[in-house]
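Note sheet for the following structure.
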Number of protein chains: 2
Amino acid sequence: MGVAERKQRHKEQVKAAILEKAWQIATTEGWQTLSIRKIADAIEYSIPVIYTHFENKEAILFEFTRKGFSILSERLKEAKESRQESCQQLDAIAKAYFKFAFGNKEYYQLMFGLGMPPCETVSRVAEMKEFSDVIISVIQSAIQGSKNPDADAFLKFHAYWSILHGQVSLQMMNNNGNVSNDLKEKILEDSIAGFIKALVS
Amino acid sequence: MGVAERKQRHKEQVKAAILEKAWQIATTEGWQTLSIRKIADAIEYSIPVIYTHFENKEAILFEFTRKGFSILSERLKEAKESRQESCQQLDAIAKAYFKFAFGNKEYYQLMFGLGMPPCETVSRVAEMKEFSDVIISVIQSAIQGSKNPDADAFLKFHAYWSILHGQVSLQMMNNNGNVSNDLKEKILEDSIAGFIKALVS
DNA sequence: TAAAAAATATAACACTGTTAGCAAAATTAC
DNA sequence: GTAATTTTGCTAACAGTGTTATATTTTTTA
């Protein structure tokens, strides 16, 4: 008399199918085009069935965000355990992080809200040139006066910008967060000081 | 007989009104809720009028992206000119960048596709703790073996993560871009090396 | 076999961006 | 000053979206 069990099993199968098909659509067509209707079509059920398994669309996406962080953590752990010395571990972790991000773009974009409409536009904005020119010129000067005058200014510019954008972007997401305004500034100062130190070394 | 001129003037006024009202809506309700219908309502014209001034909604947003970069460039230039020495200029620019980002969130979020749905979720993901724990533990070890054993591991973790996320995020946007795979790795290695160097100083 | 409960579907609501087709106004030509 | 033409703007629709109230069908229980 395993009727309840059978039903439970079936329910889980449908839920799994929703996630599976959602992932399939996301990887082939992108997160932007993923819709409840498409999922319903793919699993060959009507739309409201999806809402018996997930509160709303966001909840489906959230599931993948969680899974993404779970996978990322695993990869970072592996990277850590591949080395003994902590500085080398930091190096390995960084590379693992990159590998995960570019090897699992669908996850990373969802996890951090990237890959959205304006992204391709960034590179089309003429005004951006002015922006990068300002910074590159300063970096060039700094390099010339440094102990390493052969450093690549373009490379350093990207590193510098990454520090800035990375911090802004992460801190903006985490706005409810446990990071105080004071600490934010400290983090920035510390990072920039580190960058400059490495630059003029 | 300035009839053509008058028409031209009127046309420009309407276009300006579209941008003005769009900005008003974005700043009070957020980019996500900005719609063509809302703009049409605000300027007291019908919907198709908007399409005689802009090809589509993206074109309206693009206008603000451009303006955002323009303002940012200006601020960075000012920061640069406020100092003489290039290292201090880099410092001032970094602070100006931050000030712009957090003082003009609407611009920054649009420029870099931030503030989108999944953003608030990031901090709600339990799986994230595991992720941060891995890295923090390594950083803690590195600090203990460094010449500066009193450094704040949490602060350093954020700096480290910012470097990673900043680079991933910028490079993913710029995917058509002029940055080769080779260079990407070089930039990463360089940044991480700089971070570690500053960490164990 | 009939009643109750669970599972599933249809159809609608309130939105979105975008556009085809038509009405009104303004301009030009006679 | 009237008629034809161009410009301007609006109505209404299309094709989507997420979400839900309301039925219907199916399954289980009595």
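Every chain is numbered from 1, with letters handed out A, B, ... down the list of sequences.
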When the ring planes of B/W161 and B/F157 are compared, do they come out parallel, tilted or perpendicular, using 30° and 60° as the limits?
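Ring orientation of B/W161 relative to B/F157: parallel.
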I need a per-nucleotide contact map over nucleotides 9-21 of chain C, read 5' to 3'. Cutoff is protein heavy atoms under 4.0 Å; write B for the base, S for backbone only, - otherwise.
BB-B---BBBBB-
According to side chain to side chain contact (heavy atoms under 4.5 Å, CB included), who are the partners of B/E185, at least two apart in sequence or on a separate chain?
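Side chain to side chain contact (heavy atoms under 4.5 Å, CB included) list for B/E185, sorted by chain: B/E189.
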Applying side chain to side chain contact (heavy atoms under 4.5 Å, CB included), can you list everything that pairs with A/E20, at least two apart in sequence or on another chain?
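Partners of A/E20 under the side chain to side chain contact (heavy atoms under 4.5 Å, CB included) test: A/Q24.
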Specify the separation, in whole Å, of atom [atom1] of [X] and atom [atom2] of [N].
{"X": "A/F54", "N": "D/dG18", "atom1": "CZ", "atom2": "P", "answer": "14 Å"}
{"X": "B/Q8", "N": "D/dT8", "atom1": "CD", "atom2": "C1'", "answer": "15 Å"}
{"X": "B/I50", "N": "D/dT8", "atom1": "CD1", "atom2": "P", "answer": "17 Å"}
{"X": "B/Q32", "N": "D/dG18", "atom1": "CD", "atom2": "C1'", "answer": "16 Å"}
{"X": "A/K11", "N": "D/dT26", "atom1": "NZ", "atom2": "P", "answer": "19 Å"}
{"X": "A/H10", "N": "D/dT27", "atom1": "NE2", "atom2": "P", "answer": "11 Å"}
{"X": "B/K15", "N": "D/dG9", "atom1": "NZ", "atom2": "C1'", "answer": "18 Å"}

With A/Y51, which residues qualify under ring pair (Phe, Tyr, Trp, His ring centres under 6.0 Å), at least two apart?
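For A/Y51, no residue satisfies ring pair (Phe, Tyr, Trp, His ring centres under 6.0 Å) once neighbours in sequence are set aside.
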Residues in side chain to side chain donor-acceptor pair (under 3.5 Å) with A/Y160, at least two apart?
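Per chain and number, A/Y160 pairs via side chain to side chain donor-acceptor pair (under 3.5 Å) with no residue.
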Using side chain to side chain donor-acceptor pair (under 3.5 Å) as the criterion, list what pairs up with A/E106, not counting sequence neighbours.
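Applying side chain to side chain donor-acceptor pair (under 3.5 Å) to A/E106 gives none.
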